[in-house]
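Below is one structure; the comments refer to it alone.
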There are 2 protein chains.
Amino acid sequence: MLRNMSLRHAALGLLVEMDGASGYDLLKMFEITMGNVWQATQSQLYGELNKLTADGFIEVASEGPRGRKEYRATDAGRAELRRWLLDVPPKFVRRDEVLLRLFFLGQVSPDEGAAFVREQSAALEKRLADLGELEGAIDWGDENLSFYGRLAMEYGKRFMAMRRDWYEWVLEELAKRDPKDG
Amino acid sequence: MLRNMSLRHAALGLLVEMDGASGYDLLKMFEITMGNVWQATQSQLYGELNKLTADGFIEVASEGPRGRKEYRATDAGRAELRRWLLDVPPKFVRRDEVLLRLFFLGQVSPDEGAAFVREQSAALEKRLADLGELEGAIDWGDENLSFYGRLAMEYGKRFMAMRRDWYEWVLEELAKRDPKDG
DNA sequence: AGTTGACATGTCAGAAGTGGAAGGTCTACT
DNA sequence: AGTAGACCTTCCACTTCTGACATGTCAACT
């Protein structure tokens with residue numbers, strides 16, 4: 001049975017990079033470094049950490065105050081990460097809710113439809129601007145997570161710009177199809 | 001409780017557009033028209049059709065051979081689709097397995113990492129070419145699904161091209177960081 | 001008459017993901 | 001001494017999704 005279990009590898013990978021962290025640390029790391037790549041809820045993460053421990057991929061290195069458990073990747077865990085990186089083909093899950101809506105946009109009036117598209121475009125423009133600010137505020141070091149984090153951020157920027165441009169193009173197509181003054 | 005349940009609306013939307021179809025028909029429609037927007041497994045779809053029926057959003061219009069049930073959207077269903085399109089804010093689920101891997105690419109050797117990126121880039125190039133062929137082969141009419149399907153396909157093309165370009169950029173960044181001959 | 005293959009639906013176990021409640025500890029400030 | 005707030009983990013109920021397996025009909029071909 002070939003399963004994917006990406007959260008598992010996301011957690012494992014972060015642990016390897018961080019060289020020791022608690023669930024709490026990881027949760028924040030998820031938010032900070034991989035916010036637009038992968039999300040994890042608290043219940044999912046803690047559960048996965050227990051499973052990873054049971055499978056011998058990570059271990060509790062030490063216990064701190066407040067019940068804190070500092071996890072560390074084992075050799076088996078590092079090997080598993082490598083295996084996943086190189087030998088498991090990535091799975092594309094294409095699920096885009098906005099695009100899904102677009103498919104059925106013919107069900108509302110042209111004006112309502114165009115308004116929807118304009119809204120999405122504007123939302124992207126805004127997020128793009130926010131991202132630009134954020135980028136300027138970050139001190140990009142040369143550690144792995146920073147380096148790859150910067151690549152991911154560039155991806156995010158290009159992705160948003162591409163969608164914004166596509167939305168604008170869609171508006172033109174909509175206008176062509178339903179000319180206000182024919 | 002605000003749930004999203006996009007599969008439900010994808011099915012409902014397709015039914016509205018198609019004006020009557022069986023689960024089997026829908027399954028194929030999903031593949032053909034929304035392959036790179038939303039995927040549905042057979043078990044999920046049939047289950048959802050039953051739930052939609054129970055909720056009064058669709059109904060069995062007629063039964064054909066081989067137990068075929070031809071579904072049709074009800075007025076309540078059409079209203080629900082409209083509501084979802086206009087009033088339910090789209091949810092962004094950002095989960096990109098390829099990007100996730102990129103994050104941990106520092107764990108393998110520079111050569112292995114570059115090879116991975118090049119592979120992904122080439123795969124996209126290929127898919128882009130396939131899509132181009134497919135596009136030429138389709139007879140794009142003016143019905144809703146065709147019109148919006150064409151928009152979605154353009155999205156797919158731009159998305160792939162954007163990723164391919166980004167991968168190439170990543171390769172340059174990787175080379176800068178680990179110069180072969182320094 | 002037999003077989004292949006498209007048509008058509010249903011069910012089930014288990015994995016993955018969501019959202020929230022609950023319970024507790026330590027630090028710093030008032 | 002009190003309390004707010006950050007820190008930290010566990011558990012639970014529920015929904016969604018996946019991947020099989022099971023079951024059968026009908027049309028076309030050999």
Side-chain angles (χ1 to χ4, degrees), chain A residues 1-12 15 18 20-32 34 37-55 58-71 84 88 91-97 100, chain B residues 1-12 15 18 20-32 34 37-55 58 60-71 88 91-97 100:
Chain A
M1 179 174 36
L2 260 173
R3 274 175 305 163
N4 241 7
M5 297 188 297
S6 298
L7 171 70
R8 149 161 277 191
H9 294 102
L12 183 55
L15 258 181
M18 291 174 73
S22 69
Y24 194 83
D25 295 339
L26 284 176
L27 214 51
K28 297 193 111 186
M29 256 303 178
F30 261 93
E31 280 169 28
I32 299 169
M34 316 205 298
V37 174
W38 210 266
Q39 293 140 296
T41 58
Q42 174 252 66
S43 32
Q44 223 190 331
L45 183 58
Y46 280 112
E48 197 56 55
L49 285 174
N50 286 330
K51 282 186 221 155
L52 279 165
T53 307
D55 290 347
I58 65 177
E59 62 192 4
V60 177
S62 67
E63 311 213 3
R66 279 169 282 203
R68 175 190 172 92
K69 292 183 200 164
E70 185 129 347
Y71 290 97
W84 174 74
V88 182
K91 194 170 97 191
F92 295 90
V93 180
R94 285 158 306 198
R95 282 198 175 169
D96 191 319
E97 252 206 45
L100 182 60
Chain B
M1 179 172 37
L2 261 173
R3 275 173 304 164
N4 241 4
M5 300 188 295
S6 297
L7 171 70
R8 149 161 277 193
H9 293 103
L12 183 55
L15 258 182
M18 289 174 74
S22 69
Y24 193 83
D25 293 339
L26 284 175
L27 214 50
K28 297 191 108 187
M29 256 306 178
F30 261 94
E31 279 169 29
I32 298 169
M34 316 206 298
V37 174
W38 209 269
Q39 294 141 297
T41 59
Q42 176 253 67
S43 33
Q44 222 190 331
L45 183 57
Y46 280 113
E48 198 56 55
L49 285 174
N50 287 330
K51 283 187 220 155
L52 279 165
T53 307
D55 291 346
I58 64 177
V60 178
S62 67
E63 311 212 3
R66 281 170 281 206
R68 175 188 173 94
K69 293 184 203 164
E70 185 128 347
Y71 290 97
V88 182
K91 195 170 98 190
F92 295 90
V93 180
R94 284 157 308 199
R95 284 198 172 165
D96 191 320
E97 252 205 47
L100 182 60

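Labels below follow one simple rule: chain letters A, B, ... track the order of the sequence lines, proteins then strands, and each chain is numbered from 1.
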Quick one: which protein N/O atoms are closer than 3.5 Å to N/O atoms of nucleotides 4-8 of chain C? Pair and distance per line, please.
residue: C:dC7; atom: OP2; partner: B:Tyr24; partner atom: OH; Å: 3.1
residue: C:dC7; atom: OP2; partner: B:Lys28; partner atom: NZ; Å: 3.0
residue: C:dA8; atom: OP1; partner: B:Arg68; partner atom: NH1; Å: 3.1
residue: C:dA8; atom: OP2; partner: B:Arg68; partner atom: NH1; Å: 2.9

### Task
Whole angstrom is fine here: how far is it from CZ in B:Arg95 over to P in C:dA16?
11 Å
## Note on the structure
Taking for A:Trp38 and for B:Ser43 the nucleotide of DNA chain C with the nearest heavy atom, the one nearer the 5' end belongs to B:Ser43
### Query
What pairs with B:Asp55 under side chain to side chain contact (heavy atoms under 4.5 Å, CB included), at least two apart in sequence or on another chain?
B:Arg8, B:Phe57
### Message
When you compare the side chains of B:Asp25 and B:Ser22, does any donor N or O come within less than 3.5 Å of an acceptor on the partner?
### Response
yes
### Message
Minimum heavy-atom separation for A:Tyr24 and A:Tyr46, please, with both atom names.
### Response
N-OH, 3.4 Å
### Query
Passes side-chain contact (heavy atoms from CB on, under 4.5 Å), A:Leu26 versus A:Leu49? Steps please.
CA-CA 10 Å; A:Leu26 284 176; A:Leu49 285 174; 3.8 Å; yes
#### Entry: Integer-rounded Å distance: D:dT10 C1' and A:Glu48 CD
15 Å
### Query
Are any of the side-chain heavy atoms of A:Glu97 and B:Trp38 separated by less than 4.5 Å?
yes
### Task
Send over the distance from A:Leu26 CG to D:dC7 P, rounded to a whole Å.
14 Å
### Proximity to the side chain of B:Leu7 - top-ranked nucleotide from D:dC17, C:dT11, C:dG20
D:dC17
### Message
Under the rule for side-chain hydrogen bond (donor to acceptor under 3.5 Å, both in side chains), what residues qualify as partners of B:Glu70, not counting sequence neighbours?
### Response
B:Arg68
### Message
Between P on D:dT10 and CG on A:Leu49, what's the gap in Å once rounded to a whole number?
### Response
9 Å
### Query
For the base of C:dG19, is there a side-chain donor-acceptor partner from A:Gln42 under 3.5 Å away?
no
### Task
To the nearest Å, give me how far apart CD (A:Gln44) and P (D:dT15) are.
17 Å
## Note on the structure
In whole angstroms, the gap separating C1' of D:dG19 from CG of B:Leu27 amounts to 14 Å
### Query
Going from CD1 on A:Ile58 to NZ on A:Lys69, what distance comes out if it is rounded to the nearest 0.5 angstrom?
9.5 Å
### Message
Rounded to whole Å, please give me the gap between CD in B:Gln39 and P in D:dC17.
### Response
11 Å
### Rounded distance in Å - CG (B:Asn50) to P (D:dT15)
17 Å
